[in-house]
4 protein chains.
Amino acid sequence: MPAEAGARRPGAVRSEDARTAILAAASELLAEQGYDHLTIEGIAARAKVGKPTIYRWWPSKSALIAECLLDDALLPETITPRNTGDVLADVTEWFGKIVRFVDDGKSTALIRSILAAAIDNNDVAIQLARRLGATPESLEGRLDAAVASGELVAEASVRHLSDSLIGAIVLRLISHSGFEPDDARQFPRTILAGSLA
Amino acid sequence: MPAEAGARRPGAVRSEDARTAILAAASELLAEQGYDHLTIEGIAARAKVGKPTIYRWWPSKSALIAECLLDDALLPETITPRNTGDVLADVTEWFGKIVRFVDDGKSTALIRSILAAAIDNNDVAIQLARRLGATPESLEGRLDAAVASGELVAEASVRHLSDSLIGAIVLRLISHSGFEPDDARQFPRTILAGSLA
Amino acid sequence: MPAEAGARRPGAVRSEDARTAILAAASELLAEQGYDHLTIEGIAARAKVGKPTIYRWWPSKSALIAECLLDDALLPETITPRNTGDVLADVTEWFGKIVRFVDDGKSTALIRSILAAAIDNNDVAIQLARRLGATPESLEGRLDAAVASGELVAEASVRHLSDSLIGAIVLRLISHSGFEPDDARQFPRTILAGSLA
Amino acid sequence: MPAEAGARRPGAVRSEDARTAILAAASELLAEQGYDHLTIEGIAARAKVGKPTIYRWWPSKSALIAECLLDDALLPETITPRNTGDVLADVTEWFGKIVRFVDDGKSTALIRSILAAAIDNNDVAIQLARRLGATPESLEGRLDAAVASGELVAEASVRHLSDSLIGAIVLRLISHSGFEPDDARQFPRTILAGSLA
DNA sequence: ACGTAAGCGAGACGGTACGTCCCGTCTTGGC
DNA sequence: GCCAAGACGGGACGTACCGTCTCGCTTACGT
């Protein structure tokens, strides 16, 4: 019983198998070959799917990547700061984990590829930012909590602090210059220093 | 009698005309069409040059962009902070100018294109970072001077502050979300606060 | 249920329009420009077809020419000897027609081009030989009939006579020296003389 | 000490070393790679000579091949029929040698290449015909002698006989179908039969 | 239960750009 | 003035993908 009259005409329904095979193939190929060697043709072949099936549902390569991110087919794990009551310690720990993840060699090329996709697709950019911390459960959530609990001064701009931390990581990614461990430990202190209560 | 046995005879010399025409054409087309619609074929046609002349001297599109940046064919103007003795004011002024430049609509697509090039070519990344402040005459220079003069505390990490400021701009560029004027005024204070003497 | 397990699914079918447009374009350009100025790119442009469509179906320029010959897109008319009962007269008439056709200035460049193609593609050579006489309906057929009817001696080698007549034409084509009318009249007599009954 | 006053202006004279190196390189490469893979660039490189040196002296690749033939850099040996007084035996022997030479596998590709060159350069065609027999010392000479001595009838057309013999060889070369030994023995008899006294 | 229409795989199509090869001309500096 | 070396503008090569378009098939709704 369709919810609304004339909702859909007869015919086969979208194949979930095809959808997941495509996302999986795209994720694998992105990790293996990088964003600019990623081709729709290659994805279709790997997913054993016709090209039109991809074009029917996604307008562009980058939209496909955005959905991969949304679907956790890429970057399945999320790094979230703890809340021990010590915001500087928590953020420093989080930052170190992010840095290690991003510099680890296996994922650095992948992240760089996602970054390339992000430049021409805002949805990718949004998803990437979420993965890296711009989400209520993650960095911004921890900072908000810190403001609420008085660990950070009331006028502290959570958005600015978050952008600084993530922006620096992105900048280092782009310029192929990672963070040394000491750097990574010191960086959050430098940024947060002016906002600690 | 040749100076050394293995010395190769000279042959015709590289044409400076061709080189500059190529760099100019690449710069124009990058600004007009963006990095991923930029084609070697198009550059060759615009520069009235054979494709092989480009391939003879540059291994890739991105290497060509890197040389455009080096040659000041792209981004000819450099924004440099003043030194009035008030580091926060100077950096805030500089940051505002950068933000206005980067958000101004004419150059934002260009910068985004350069960013895309930077992701697959470290030389582009280095040149771009220089243009944005990582140079003794620019942001890092001003911050170094502030440390030297005692405006900033001795242990302040100039590199970290610089990465934060520039990284945030890059992040906003990638995610298509610019800085509001108030944001731009407040941001440097948030970052520098912890390092002011 | 598919008839057999390994059967591949069909997909779109080859476009006959494209095929004939390509053959026509190739034939025209061969006649206009000669074999070595013939380019795949030019054929594709004339036929309003993508280059890959040509490469999908023909491995080389010469294979394309071979199919033009097979398809009667080149050399549509065939010159066939009559059978009046007088083999020398019939062959002489046929030879004269071939010589006139081949020397006529419009087709001589075309035939020369086909000859060039024949050198690096045996299929072209075979088709060209057929057009010139190596076919049951043509010269060899007439000679076979003459042997059967006793006009030629039983041991006469039809293949040898045919090769002589056609070979001489080819040789004259290659060396840019045509047959004078008298020459053309006399030649078959010289060759056939030893085989007449 | 110049032989005549004011005869020529100063400057270096054409280098014979360069000329022979070029002819040798062209001959080798023609034999190795065939006519259509033969490039001026390759010849220059093999001969350790600048490209302009080639263009200064030869207008085209095929002219260069023609000079190779003239200079005996290609096809150094000439096959000449003997004169034992038996023209059929002599021509048959000569024909057999030519067939074996032409079919031998090492030289067949070379001859085919020369044939390709002959199609767009009449000088090559002339030289090739000479090598194969159209020269007073060779086939036509032997046939002329036969007419003079009465072995062949007075009205026999030497040119026609020669064209038939050589044309058939060329035809077989083009169509990749050689002569069997029996064929080769029988062929001259078939052709000459009508002209023997 | 059946017709109908959408989804699907396959893959051909007209295109664009790739990066390479060679063309024939030119420029340079040494002999 | 000839030569080697080799850069140049140009054009075609054969390939890789693009995004669109048939093809026949499978599938599953709605009558």
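Chain A is the first sequence line, chain B the second, and so forth, proteins listed ahead of strands; every chain is numbered from 1.
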By side chain to side chain donor-acceptor pair (under 3.5 Å) - contacts of Asp123(D) (at least two apart): none
Polar side-chain atom of Ser60(C) near backbone of Ala63(C) as donor-acceptor pair, under 3.5 Å: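 Flag set: sc Ser60(C) to bb Ala63(C) pair under 3.5 Å.
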Any donor-acceptor N/O pair, Asn122(D) side chain to Ala125(D) backbone, under 3.5 Å: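 Side chain of Asn122(D) to backbone of Ala125(D): no pair is present.
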To the nearest angstrom, how far is [X] atom [atom1] from [N] atom [atom2]?
{"X": "Asp36(A)", "N": "dC18(F)", "atom1": "CG", "atom2": "P", "value": "12 Å"}
{"X": "Ile22(C)", "N": "dG14(E)", "atom1": "CD1", "atom2": "P", "value": "7 Å"}
{"X": "Gln33(C)", "N": "dG11(F)", "atom1": "CD", "atom2": "P", "value": "14 Å"}
{"X": "Ile54(C)", "N": "dG15(E)", "atom1": "CD1", "atom2": "C1'", "value": "13 Å"}
{"X": "Trp58(C)", "N": "dA12(E)", "atom1": "CH2", "atom2": "C1'", "value": "13 Å"}
{"X": "Arg14(C)", "N": "dA12(E)", "atom1": "CZ", "atom2": "C1'", "value": "10 Å"}
{"X": "Glu16(C)", "N": "dC13(E)", "atom1": "CD", "atom2": "C1'", "value": "15 Å"}

By side-chain contact (heavy atoms from CB on, under 4.5 Å) - contacts of Ala18(C) (at least two apart):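 Listed in chain order: Ser15(C), Val49(C), Thr53(C).
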Verdict with supporting geometry, Leu64(D) and Leu23(D), side-chain contact (heavy atoms from CB on, under 4.5 Å): CA-CA 7 Å; Leu64(D) 186 47; Leu23(D) 293 178; 3.6 Å; yes
Partner residues of Arg56(D) under the salt bridge (charged side-chain N to carboxylate O under 4.0 Å, His left out) criterion, sequence neighbours left out: none
Contacts of type salt bridge (charged side-chain N to carboxylate O under 4.0 Å, His left out), residue Arg112(A), not counting sequence neighbours: none
Lys48(B) or Lys48(D), whichever maps to the more 5' nucleotide of DNA chain F: Lys48(D)
Comparing Pro59(B) and Arg19(A) on DNA chain E - which has the more 5′ nearest nucleotide: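 On the 5' side of the pair lies Arg19(A).
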From CA spacing to verdict: salt bridge (charged side-chain N to carboxylate O under 4.0 Å, His left out), Asp71(A), Arg19(A): CA-CA 11 Å; Asp71(A) 241 55; Arg19(A) 184 180 154 274; 2.8 Å; yes
Contact under 4.0 Å: Trp57(C) side-chain N or O vs dG11(E) OP1/OP2: no
side-chain N/O Thr53(C) vs dG14(E) OP1/OP2, d < 4.0 Å: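 Yes, Thr53(C) has a side-chain N/O under 4.0 Å of OP1/OP2 on dG14(E).
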Reported CD-to-CD1 distance for the pair Gln127(D) and Ile114(D), which is rounded to 0.5 angstrom: 10.5 Å
What N/O pairs connect the protein and nucleotides 15-17 of chain F at under 3.5 Å? Give each pair on its own line.
none

Contacting residues from residues 24-31 of chain A, given that a heavy atom lies under 4.0 angstrom of DNA chain E: none
